[in-house]
K.L.:
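The structure's right below; bear with me while I get my questions together.
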Amino acid sequence: MGMGAMEVKTICVLGAGAMGHAIAELAAVSGFNVKLRDINEELVQKGYQKIKESLERDQRKGRLKEDIETILSRIQPVVDLREAVQDADMIIEAIPEIMDLKGKVFQECEEYCSENTIFATNTSSLSITKLSEYLKKPERFIGLHFFNPPKVMRLVEIVYGKHTSEETVRVTEEVSKKMNRVIIHVRKDVPGFVVNRIFVTMANEAAWALEKGEGSVEEIDSAVKYKMGLPMGLFELHDLLGGGCIDVSYHVLEYYRETLGESYRPAPPFERLFKAGQLGKKSGKGFYDWSEGKRNEVPLRAGAKFDTLRLLAPAVNEAAWLIERDVATPEEIDLGVIHGLNYPRGLLRMADDVGLDKIVRKLEELYSEYGEERYKPNSVLLKMVEEGKLGRKSGEGFFRYGRGLYEFVKVNVDREKKIAFITLSRPQRANALNPTFLDEIYDALEMMEDDGDVRCVVITGEGRNFCGGADMAVFAQGTADAMLEFSEKGHKVFTKIETLSKPVLAAINGPALGGGFELALACDLRIMSKRAFLALPELNLGLFPGWGGTQRLVFLIGMSRAKQVIMMKENIDAETAHAWGIANYIVEPEKFNEFVVETASKLAEGPPLAYKLVKRTMYYGNQHHLRTGLYIEAASGGNIATSDDVAEGIMAFMYRRKPDFKGR
């Protein structure tokens, strides 16, 4: 069989450890035959048992499309290397990060496997080119970097070595697609590839900021976790990931120092902790002291004064370095940090929001102060600023902006049916609303208002959620002004929905929580999937509904029931929502989309002028008190949002514990 006709059916996974058995499970669930190989029977059986336990958990949660026995029948635990690789179409290696160990295993595999077998390494740091040169046919070698755990983290980096053939890339991409991966191509073999290059750079910059007295551990972590919205503080993460990974980042930074230059050396805090054996929670101490069962919760507002641009600008500079060398595109870099690091949004989207002129100015300031080469603004950034491509404010930066060009909103117009679909598209964050998101929804509504072909607007959510409410990052700003501005943006959008001249239909495909529920309340009609539910859980955070939940819900279901929903923080299922008059229609999930289109089509067939007048008459004639109520709600919400109770509520939510409210 020539390689041009190659289709991968059998995959051998070398290494049955944490990553190896997880990759083997993913491959088997995706329909591939799998040989799981390790150096002795105990290790390979242990890996196989982990797969079985994982599948059993997924079966209990209803996540499997096949029964466990069928999936397990595709996995063969093997110790003998010849037996493992002789009929493999692809070998995925997940053994210890030692260059010569990997290379010698590849050489031995090459003796036994087909001449067309593709070799893929899961390395996160070693050179793909150097590893490929252990083989007689290095063109068959490629990097296939999964993120841990692969079942949850869908990203994979396909990394090209100097010798990797186009066909090897094509086949590897096909395998990745069958595994339902989010794929980014790393077209040059550079240290750290894409995702770890960004992550380790930002972590090292945090440590340099700490060393230079620009902020404490708690202040920097607070700014990262709450203001930037990253899942954890960078120091917190280094102490907790795998029980502590300070040693891992230290070694990666030493590798960067060797390959990229002295400026990339580990910051002194990393070096001191590594040499003292203080590697994180597993050793009792890292950036934090974990002795005697300490919890070390990062305070919400400790980082209010720390400038996150200090960390963002150097990371953007590294991204520009990758773009300059054609390693990856801006789209791929942003996909990488979202799906590989759980960032709340793309790094380069953040840069565009801040303004690339401000990014360059910060880099110049850092270079002037510290003289480190890594702070010299990359030529890609300098050229963009020179050309006036400053980001969102100028209409173009790393991405283009303007009507219809959105980060968080997808607009699709069916001109035949005269229906516009506005999809809330931030699925990795439950479609949570931040200021940019709200601006984009407003702009999309204005665009639909102006479009003569549109007679009905449908708002729905991408993924499993309709909308999870407000993004909590805004609460870390620590000022009433920031909260009031955010509150006003929400009210502006929801009022726009209510007063739009065309019918607006909320297609509630999944959970609608907090601000997501309030958005649906502003729509003219609501269709709920029977798997969806509604809730106003703000009191759990020490807040109360601030985008009309205390007003529009009362108007719909009465004061008593509205108090029950808000004060008892109860979920409202579809049947209850229908019975109470919140949902106009409820539909089985498999029929949901069809019913939404049918209902929207009926609305679109109606008389546009009459719709405009009936909406205006009903709004101004029946809800004259609503504006006053919404104003009081917004003003009160701005006051409470800066309270200690809100800080406690959000921290309790983040650390999955019960809040201890003090009433202040």
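The first residue of the sequence shown is numbered 1, and numbering continues consecutively from there. Hydrogens, waters and symmetry mates play no part in the numbers below; they use all other heavy atoms, side chains included.
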K.L.:
On the ring face of Phe408, is Arg426 found with NZ or CZ under 6.0 Å from the centre and within 45° of the axis?
P.N.:
yes
K.L.:
Thr495: what forms a side chain to side chain contact (heavy atoms under 4.5 Å, CB included) with it, not counting sequence neighbours?
P.N.:
Thr499, Arg552, Tyr619, Arg627
K.L.:
Are there over 12 heavy-atom neighbours, none belonging to Lys281, within less than 6.0 Å of that residue's NZ?
P.N.:
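Incorrect, the count does not exceed 12.
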K.L.:
Lys188 and Arg325: which non-hydrogen atoms are nearest, and at how many Å?
P.N.:
NZ-O, 2.8 Å
K.L.:
Hey, can you tell me if Phe287 and His238 have their rings parallel, tilted or perpendicular (30° and 60° cut-offs)?
P.N.:
perpendicular
K.L.:
When rounded to the nearest 0.5 angstrom, what distance separates CZ in Phe653 from CD1 in Ile650?
P.N.:
9.5 Å
K.L.:
For Phe306, give me all partners under ring-ring contact (aromatic ring centres under 6.0 Å, His included), at least two apart in sequence or on another chain.
P.N.:
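Here no residue qualifies.
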K.L.:
Cation over ring, Arg374 on Trp321, under 6.0 Å and within 45°?
P.N.:
no
K.L.:
What I want to find out is whether Asp660 reaches Lys662 closely enough, with some N-O distance under 4.0 Å, to be called a salt bridge.
P.N.:
yes
K.L.:
Looking at Lys285, I want to see if its NZ is surrounded by more than 12 non-hydrogen atoms of other residues, nucleotides or ligands under 6.0 Å.
P.N.:
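No, NZ of Lys285 has 12 or fewer neighbouring heavy atoms, counting only those of other groups under 6.0 Å.
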K.L.:
List for me each residue that meets salt bridge (charged side-chain N to carboxylate O under 4.0 Å, His left out) alongside Lys102, sequence neighbours excluded, and say none if there are none.
P.N.:
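Residues passing salt bridge (charged side-chain N to carboxylate O under 4.0 Å, His left out) with Lys102: Glu93, Glu97.
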K.L.:
Would Asn204 and Phe270 satisfy side-chain contact (heavy atoms from CB on, under 4.5 Å), going step by step from the backbone distance to the final call?
P.N.:
CA-CA 8 Å; Asn204 204 35; Phe270 271 115; 3.7 Å; yes
K.L.:
Can Lys305 and Glu219 be counted as an ion pair, charged N to O under 4.0 angstrom?
P.N.:
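No salt bridge links Lys305 with Glu219.
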K.L.:
Please check if the side chain of Asp334 supplies one atom and the backbone of Leu347 the other of a donor-acceptor pair under 3.5 Å.
P.N.:
yes
K.L.:
Give, for atom CD of Glu462 and atom CG of Asn431, the distance between the pair rounded to the nearest 0.5 Å.
P.N.:
7.0 Å
K.L.:
To the nearest 0.5 Å, what is the distance between NZ (Lys358) and CG (Leu356)?
P.N.:
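Output value for this atom pair is 11.5 Å.
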K.L.:
Nearest 0.5 Å, what's the CD-CG distance between Glu538 and Leu513?
P.N.:
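One gets 9.0 Å once the value is rounded to the nearest 0.5 Å.
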K.L.:
Examine Phe274 together with Tyr250 and report whether their ring centres are nearer than 6.0 Å.
P.N.:
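Phe274 vs Tyr250: aromatic centres under 6.0 Å.
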K.L.:
Decide salt bridge (charged side-chain N to carboxylate O under 4.0 Å, His left out) for Glu648 and Arg657; before the verdict, give the C-alpha distance in whole Å, the side-chain angles of both, and the deciding distance to 0.1 Å.
P.N.:
CA-CA 10 Å; Glu648 166 62 15; Arg657 62 169 173 80; 2.7 Å; yes
K.L.:
Has the side chain of Glu518 got a donor or acceptor atom that lies under 3.5 Å from a matching backbone atom of Gly549?
P.N.:
yes
K.L.:
What's the spacing between Lys389 NZ and Leu381 CG if we round to 0.5 Å?
P.N.:
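Between Lys389 NZ and Leu381 CG, I get 13.0 Å after rounding to 0.5 Å.
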K.L.:
Determine yes or no for a side-chain-to-main-chain donor-acceptor pair under 3.5 angstrom, with Asp221 supplying the side chain and Glu236 the backbone.
P.N.:
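Yes; at least one donor-acceptor contact below 3.5 Å.
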K.L.:
Salt-bridged, Arg361 to Glu364, with N to O below 4.0 Å?
P.N.:
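Result for this pair is no, no salt bridge flagged.
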K.L.:
Less than 6.0 angstrom separating the ring centers of Trp547 and Phe486, yes or no?
P.N.:
yes
K.L.:
Check side chain to side chain contact (heavy atoms under 4.5 Å, CB included) between Asp189 and all other residues, then give those that pass, not counting sequence neighbours.
P.N.:
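By the side chain to side chain contact (heavy atoms under 4.5 Å, CB included) rule, Asp189 matches Ser127, Ile128, Thr129, Phe193.
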K.L.:
Asn434 side chain to Thr436 main-chain N or O, any donor-acceptor pair under 3.5 Å?
P.N.:
yes
K.L.:
With sequence neighbours left out, which residue pairs that include part of residues 379-407 fulfil the ring-ring contact (aromatic ring centres under 6.0 Å, His included) condition?
P.N.:
none
K.L.:
Any chance you could measure Ser176, atom OG, to Leu144, atom CG, to the nearest 0.5 Å?
P.N.:
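Going from OG on Ser176 over to CG on Leu144, the span is 4.5 Å.
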K.L.:
How about NZ on Lys130, more than 12 heavy atoms from neighbouring residues, nucleotides or ligands closer than 6.0 Å, or not?
P.N.:
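No, the 6.0 Å shell around NZ holds no more than 12 heavy atoms from other groups.
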K.L.:
With sequence neighbours left out, what residues match Tyr256 under ring-ring contact (aromatic ring centres under 6.0 Å, His included)?
P.N.:
none
K.L.:
Would you please name every residue forming a salt bridge (charged side-chain N to carboxylate O under 4.0 Å, His left out) with Arg429, sequence neighbours left out?
P.N.:
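With neighbours one apart ignored, the set is empty.
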K.L.:
The test is side-chain hydrogen bond (donor to acceptor under 3.5 Å, both in side chains); show your working for Ser379 and Glu324 and say whether it passes.
P.N.:
CA-CA 8 Å; Ser379 61; Glu324 179 189 34; 2.8 Å; yes
K.L.:
Salt bridge between Glu440 and Arg392, side-chain N to carboxylate O under 4.0 Å?
P.N.:
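The answer is yes: the pair qualifies as a salt bridge.
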K.L.:
For Phe147, check ring-ring contact (aromatic ring centres under 6.0 Å, His included) against everything at least two apart and list the hits.
P.N.:
His145
K.L.:
Measure across Gly514 and Leu536 and return the closest heavy-atom pair with its distance rounded to 0.1 Å.
P.N.:
O-CD2, 3.6 Å
K.L.:
Under a 3.5 Å distance rule, please check whether Asn296 uses its side chain to pair with a backbone N or O of Asp289 as donor and acceptor.
P.N.:
yes
K.L.:
Check the pair Val194, Leu322 against side-chain contact (heavy atoms from CB on, under 4.5 Å), reporting the backbone distance first and the verdict last.
P.N.:
CA-CA 8 Å; Val194 169; Leu322 295 168; 4.3 Å; yes
K.L.:
Could you walk me through whether Glu372 and Ser263 pass the side-chain hydrogen bond (donor to acceptor under 3.5 Å, both in side chains) test, one step at a time?
P.N.:
CA-CA 6 Å; Glu372 294 284 355; Ser263 188; 3.1 Å; yes
K.L.:
Tell me whether Lys376 at atom NZ has more than 12 heavy atoms from other residues, nucleotides or ligands lying less than 6.0 Å away.
P.N.:
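Open.
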K.L.:
Can Glu446 and Arg403 be counted as an ion pair, charged N to O under 4.0 angstrom?
P.N.:
yes
K.L.:
Kindly indicate, with the supporting measurements, whether the criterion side-chain contact (heavy atoms from CB on, under 4.5 Å) is fulfilled by Lys496 and His491.
P.N.:
CA-CA 8 Å; Lys496 183 69 176 177; His491 283 296; over 6 Å; no
K.L.:
Do other residues, nucleotides or ligands put more than 12 heavy atoms under 6.0 Å from the NZ atom of Lys294?
P.N.:
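Correct, the count exceeds 12.
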K.L.:
Under 3.5 Å, is there a donor on one side chain and an acceptor on the other for Tyr264 and Glu254?
P.N.:
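No, because no side-chain N or O of Tyr264 sits under 3.5 Å from a partner of the opposite role on Glu254.
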K.L.:
List in chain and number order the residues that pass salt bridge (charged side-chain N to carboxylate O under 4.0 Å, His left out) with Arg664, two or more places apart in sequence or in another chain; answer none if no residue qualifies.
P.N.:
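Testing Arg664 for salt bridge (charged side-chain N to carboxylate O under 4.0 Å, His left out), a comparison that skips the adjacent residues, returns Asp644.
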K.L.:
Taking only residues two or more places apart in sequence, or in another chain, which ones meet Glu488 in a side chain to side chain contact (heavy atoms under 4.5 Å, CB included)?
P.N.:
Leu484
K.L.:
Tell me whether Lys383 at atom NZ has more than 12 heavy atoms from other residues, nucleotides or ligands lying less than 6.0 Å away.
P.N.:
no
K.L.:
Can a salt bridge be assigned to the pair Asp353 and Arg345 using a cut-off of 4.0 Å between side-chain N and carboxylate O?
P.N.:
yes
K.L.:
Glu173: what forms a side chain to side chain contact (heavy atoms under 4.5 Å, CB included) with it, not counting sequence neighbours?
P.N.:
Ile158, Lys177, Ile183, His185
K.L.:
Residues two or more places apart in sequence or in another chain: which of them pass salt bridge (charged side-chain N to carboxylate O under 4.0 Å, His left out) with Arg272?
P.N.:
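Counting only residues at least two positions away or on another chain, Arg272 forms a salt bridge (charged side-chain N to carboxylate O under 4.0 Å, His left out) with Glu211.
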K.L.:
Any donor and acceptor pair, going by atom type alone, linking the side chain of Asp645 with main-chain N or O of Gly542 inside 3.5 Å?
P.N.:
no
